[in-house]
Each structure stands twice: as C-alpha cells, then as structure tokens.
Protein chains: 2
Amino acid sequence: MDRVDWHILEELQADARLSFNELSRRVRLSPPAVAERVRRLQDSGVLTGYHAAVDLERVGRPVRAVVVMDCYGPTCLLRDPDVATWPEVRQLYRVTGQGCSVLMVAVPTMPAFEELIDRLARYGRPSSSMVLADLLPWKPVEPA
Amino acid sequence: MDRVDWHILEELQADARLSFNELSRRVRLSPPAVAERVRRLQDSGVLTGYHAAVDLERVGRPVRAVVVMDCYGPTCLLRDPDVATWPEVRQLYRVTGQGCSVLMVAVPTMPAFEELIDRLARYGRPSSSMVLADLLPWKPVEPA
DNA sequence: GATGAAACAAAGCCGGA
DNA sequence: TCCGGCTTTGTTTCATC
C-alpha cells in the first residue's frame with residue numbers, strides 16, 4: 001500500500017470502468033505494472049468489488065429511512081439471516097448502545113414503509129427517522 | 001426501464017468492469033445495443049457512477065460508528081458544508097425526528113474517534129453507536 | 001512489440017405507430 | 001411511411017503474453 005496503490009484506489013473509486021491503459025497514464029506506470037498492482041489489491045482483499053451506482057429515487061425507491069431496532073433475546077432481528085435479503089434493506093449493522101442494530105431502508109411509497117415497519121416490529125421495537133436529504137451520495141475512501 | 005434495462009443494471013451493480021461484449025452476451029443483445037442502453041441509463045441519471053469498493057478495515061479505518069446529531073439553530077452541522085468533506089465521514093443524511101442528521105463515520109482508532117466526537121460536539125449533541133458488524137457490505141438494488 | 005479481443009462509428013434492417 | 005431500436009461491418013484501441 002504505497003502512494004501509487006492509493007492513487008490507483010482513488011482513480012478506481014471515482015471510475016471503476018477505467019481501462020488499464022487510461023489508469024496507467026494517470027498513475028504514470030506501464031499498463032502491465034498497473035494490472036499487476038490491481039490484481040494484488042484484489043487478491044489481498046483491499047479491493048472487494050466494482051459496483052455501478054444506481055439512483056434510488058429514479059428506480060422507484062424514493063422513500064428512505066434510518067431504522068434503529070431495539071430487540072433482545074431469541075426474536076432479535078440479528079438472528080434472522082433472511083432480513084438482510086429483503087430488497088428494502090440497503091444496509092444492516094450490529095451496533096452498541098440501546099438499539100441492537102441499525103438499518104438503512106429504501107421503499108417505493110409511505111404505505112410500503114408502513115408495511116415494512118410492521119414486519120420489523122415482529123423482532124423488536126423499531127424507531128425510524130425518514131431521510132430528508134442524502135448530503136453525501138458518494139465519496140472515495142482516503143488514506144488514513 | 002424494461003426487463004433488459006434491469007438485467008443490465010443487475011449485472012453492472014455486481015461487476016461494474018464487465019466489458020460491453022460480455023454484458024451483451026449475458027443480456028442477449030448485440031454489443032452496440034447494450035452500449036446504447038447503458039448510455040441512456042447514464043444520461044437519464046439512473047446510473048450515477050461506477051465505483052471500486054474498498055475494505056475499510058484493510059485500509060486503516062477499522063473503527064466505525066453511527067452518529068446521530070442533535071443540533072439546532074445557527075450552529076447546526078447541516079449548515080457547515082465542510083463536514084461532508086471530512087475524510088472520516090462516509091455518509092451524511094438529514095433526517096426527521098429528534099436528531100437533525102445521521103452520520104456514518106470510519107476512523108483508524110478509538111482515540112481518533114474520540115477526537116472526531118469532540119469536533120462534532122461543537123455543532124450540537126452527538127450520540128453514537130459503534131458498529132460491531134457490517135451484515136450487508138454490499139447488495140444490488142432490485143426492481144421496486 | 002505482437003496477437004487476439006474489445007470498443008466505437010457508420011450504415012443498413014426490421015417491427016410498430 | 002416514419003421512427004426507434006437492433007444488427008452487421010470496418011477501424012481503432014486495449015489487454016495480455
């Protein structure tokens with residue numbers, strides 16, 4: 001993880017479809033050298049994938065919310081692996097504190113949200129905040 | 001946004017570096033036809049970008065937290081556009097409810113987290129939950 | 001560098017208003 | 001007939017050895 005690796009990560013985070021040729025120009029290395037570095041970053045688990053970003057509002061999921069789940073014991077949401085596969089659930093974290101988990105969800109309409117909350121309420125007490133604005137739809141990871 | 005468009009979105013969300021050739025094979029269309037559809041999805045704002053995914057733990061940011069900010073009036077965090085540029089801040093939402101905003105943050109160490117909380121406390125009352133596990137590091141958006 | 005594959009641009013084909 | 005979307009072809013650029 002030297003300076004060039006970070007330069008490569010920076011470029012691929014901004015545009016994952018860059019050709020090795022273009023990438024090699026930007027980081028001032030030969031194309032095979034860049035390809036080899038990218039391969040190493042992949043194999044070492046630093047680069048975990050390349051994903052197209054989709055605008056949730058434009059694909060029918062304009063209603064978003066942060067949901068904190070307060071659950072305990074055998075019905076805890078974290079014991080049901082299916083929840084992570086629900087299409088409404090975009091992120092799912094186990095956290096410390098009062099709630100046991102935090103979900104980011106995206107649904108087409110408020111009625112759909114109401115239905116989702118009902119489904120979540122089977123596991124514990126959900127407390128939700130509607131997202132009014134996403135101030136940071138994307139940003140690259142920087143060197144620590 | 002027909003069935004083929006969704007098939008394209010599905011493939012590009014899973015692997016943004018797919019060539020148009022390979023993509024055209026998977027969706028059973030000619031390469032130029034696929035390229036044209038992708039161009040339209042980009043121009044219409046459905047596809048907002050292609051981003052390499054980086055493992056935060058492996059690049060020196062193993063400590064993550066959800067921070068709910070409770071602030072009000074002229075010192076509210078949402079009035080300072082610089083906050084979104086802090087490298088620790090990975091996501092930033094304006095939300096309804098008690099807190100005015102929710103942040104996802106990632107830092108190298110607990111002392112760095114302590115320092116970040118101090119910086120955030122200038123804007124209002126931060127209340128944070130440490131992330132114990134990310135149960136859903138990535139998943140594609142599905143048709144609503 | 002050299003080879004095979006992929007991207008891009010231009011022109012023609014086909015089905016539905 | 002017109003129009004939008006698809007395929008085919010030829011040329012340039014790219015990936016890989």
Side-chain angles (χ1 to χ4, degrees), chain A residues 1-62 87 106 108 137-143, chain B residues 1-60 137-144:
Chain A
M1 288 296 301
D2 59 8
R3 197 155 190 83
V4 177
D5 281 331
W6 270 109
H7 195 173
I8 289 172
L9 287 185
E10 184 187 342
E11 296 290 347
L12 286 180
Q13 285 184 94
D15 182 1
R17 283 182 74 76
L18 279 178
S19 70
F20 286 125
N21 260 339
E22 178 58 27
L23 193 52
S24 72
R25 262 171 245 134
R26 298 194 187 182
V27 306
R28 294 188 167 74
L29 241 56
S30 72
V34 166
E36 173 62 14
R37 278 179 181 259
V38 170
R39 196 192 57 75
R40 286 167 116 66
L41 288 168
Q42 288 170 165
D43 292 350
S44 67
V46 169
L47 273 170
T48 60
Y50 305 93
H51 307 299
V54 169
D55 185 320
L56 288 171
E57 307 202 352
R58 289 187 152 95
V59 293
R61 297 189 178 273
W138 174 78
K139 119 198 276 190
V141 177
E142 294 174 34
Chain B
M1 286 297 300
D2 60 8
R3 202 158 188 79
V4 177
D5 281 332
W6 271 108
H7 194 173
I8 290 171
L9 287 185
E10 185 187 341
E11 297 289 348
L12 285 180
Q13 284 183 95
D15 183 1
R17 283 181 73 77
L18 278 179
S19 70
F20 286 126
N21 260 337
E22 178 58 25
L23 192 52
S24 72
R25 261 171 248 134
R26 298 194 187 182
V27 306
R28 297 191 164 73
L29 241 54
S30 70
V34 167
E36 174 63 14
R37 277 176 181 263
V38 170
R39 196 192 56 75
R40 288 171 101 79
L41 288 168
Q42 288 171 163
D43 292 352
S44 67
V46 169
L47 274 170
T48 59
Y50 306 94
H51 307 298
V54 169
D55 186 319
L56 288 170
E57 308 201 351
R58 288 186 153 94
V59 292
W138 175 79
K139 119 196 279 189
V141 177
E142 294 175 36

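Keep in mind the model is a prediction, meaning the values are calculated, not measured.
- Where DNA chain D meets chain B (any atom under 4.0 Å from a heavy atom), the bounding nucleotides read 5' to 3' are dG5(D) to dT8(D).
- The residue P31(B) sits apart from the nucleic acid: no heavy atom pair falls under 4.0 Å.
- Remark: S19(B), F20(B), N21(B) in residues 13-24 of chain B come within less than 4.0 Å of DNA chain C through at least one heavy atom.
- Nucleic acid contact class of R39(B) (heavy atoms, under 4.0 Å, all strands): none.
- Contact detail for S24(A) and S30(A): the closest heavy-atom pair is CB-C, 3.8 Å.
- Shown here for P31(B) and N21(B), the closest heavy-atom pair between the two residues is CG-OD1, 3.2 Å.
- Nearest heavy atom pair, residue P87(A) against residue R61(A), reads CB-NH2, 3.8 Å.
- Not a single side chain to side chain donor-acceptor pair (under 3.5 Å) links E57(A) to another residue, sequence neighbours left out.
- Residue R25(A) qualifies as enclosed at atom CZ: its count of foreign heavy atoms under 6.0 Å is above 12.
- Side chains of Y50(A) and R17(A) form no contact here, defined as non-hydrogen atoms less than 4.5 Å apart.
- The heavy-atom pair separating M1(A) from L41(A) by the smallest distance is SD-CD2, 3.7 Å.
- Looking only at side-chain heavy atoms (C-beta outward), R40(B) and D5(B) stay at 4.5 Å or farther from each other.
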